[in-house]
Amino acid sequence: ERELKHLKRQAYEAEDNQTRLLFLDSIYHAYSAYRYDSAYAYMKQGLELAEKCHNTSYILRNKINQASILSVRGFYSKAENLLQSLNPDEMPYQLKLYYYFTYAWLYNYWESYAKNSDYAEEFRTQKKHYMDLLLQNFKEDSRNTAYYNYLLGERIYLDEPTSRKSLTLFLKALKMSPAKSRIHAMSAYGAARYYKLTGKFDLYEEY
């Protein structure tokens, strides 16, 4: 809450639209982890401002933000249609990674919703496809990062849920990421999921 209060003040006091868009995006991401209505409201503010000042990068970024929130809230088809309307070839590097990540997690949520149905495997296949695109688009010098190690561990998990390689990657991502970061939390979940599936805690001591 302190961080959000600080970000809101900076957005309000911003001297130009580019800076205000940056802080609105930061507020969106801060809210997206736990208060979706507020995240959606700040995404809309960001999108309206970006369209008003014709900032192509932030128009794309906020549309991806919108698709992310829609998928989390269960509006899967709307999120899919929105992502399909965007062209990743027109996006800068970091935005393209975010695009493929959002696409992959859309199908992750959709698979969970469709669990035990005839459609679950279709959504799982789509998640694998977009995770492969995401990993392939990482630059070589960005592959020794917490984010890449987490994603690679998650991709291996999809084919081999009890793979020690995926656990090693999750633990590596944990060491490399700040304790309060989303990647740290997701990597911790990946490691905990391995321990739950296997009952093996031997590598925990190494971590």
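All of these numbers come straight from a predicted model, not from anything done at the bench. Keep in mind that the numbers below use all heavy atoms, side chains included, and drop hydrogens, waters and symmetry copies.
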**Q** Look at atom NZ of Lys8 and say whether more than 12 heavy atoms of other residues, nucleotides or ligands are closer to it than 6.0 Å.
**A** yes

**Q** Quick one: list whatever passes salt bridge (Lys or Arg N to Asp or Glu O under 4.0 Å) with Lys127, sequence neighbours left out.
**A** Glu154

**Q** Please list all pairs passing the ring-ring contact (aromatic ring centres under 6.0 Å, His included) test where one or both residues lie in residues 138-158, with sequence neighbours left out.
**A** Phe138-Tyr147, Phe138-Tyr148, Tyr150-Phe170

**Q** Report the residue from Arg124, Glu122, Lys128, Glu80 that forms a side-chain hydrogen bond (donor to acceptor under 3.5 Å, both in side chains) with Tyr107.
**A** Glu80

**Q** Can you name the residues that form a side chain to side chain contact (heavy atoms under 4.5 Å, CB included) with Asn144, not counting sequence neighbours?
**A** Asn149, Lys172, Met176

**Q** Could you tell me whether the side chain of Ser57 reaches within less than 4.5 Å of the side chain of Leu21, counting heavy atoms only?
**A** no

**Q** If you measure from CG on Leu133 to CG on Leu97, what distance do you get to the nearest 0.5 Å?
**A** 11.0 Å

**Q** Going by heavy atoms in the side chains, are Asp37 and Tyr40 under 4.5 Å from each other?
**A** no

**Q** So with a 6.0 Å cut-off around CG of Asp159, is the heavy-atom count from everything else above 12?
**A** yes

**Q** Can you measure from CZ (Phe101) to CE (Met131) and round to the nearest 0.5 angstrom?
**A** 8.0 Å

**Q** Give a yes or no on whether the backbone of Asn65 and the side-chain of Tyr28 come within a donor-acceptor separation of less than 3.5 Å.
**A** yes

**Q** Quick check: does any side chain N or O of Ser68 sit under 3.5 Å from a backbone N or O of Ile64, one acting as donor and the other as acceptor?
**A** no

**Q** Hey, does the side chain of Ser163 reach the backbone of Glu160 with a donor-acceptor pair shorter than 3.5 angstrom?
**A** no

**Q** May I ask you to decide if Ser26's main-chain N or O and Tyr42's side chain share a donor-acceptor pair within less than 3.5 Å?
**A** no

**Q** Flag the pair Gln45 / Leu49 as yes when at least one side-chain heavy-atom distance between them is below 4.5 Å, and no otherwise.
**A** no

**Q** At what distance, to the nearest 0.5 angstrom, does CG of Leu24 lie from CD of Glu48?
**A** 10.5 Å

**Q** Among Tyr113, Phe123, Tyr109, which residue meets the ring pair (Phe, Tyr, Trp, His ring centres under 6.0 Å) test with Tyr76?
**A** Tyr113

**Q** Please tell me if the side chains of Ile69 and Met43 come closer than 4.5 Å, counting only heavy atoms from C-beta onward.
**A** no

**Q** Are there over 12 heavy-atom neighbours, none belonging to Tyr93, within less than 6.0 Å of that residue's OH?
**A** yes

**Q** With rounding to the nearest 0.5 angstrom, report the CG to CG distance, Asn55 to Leu60.
**A** 9.5 Å

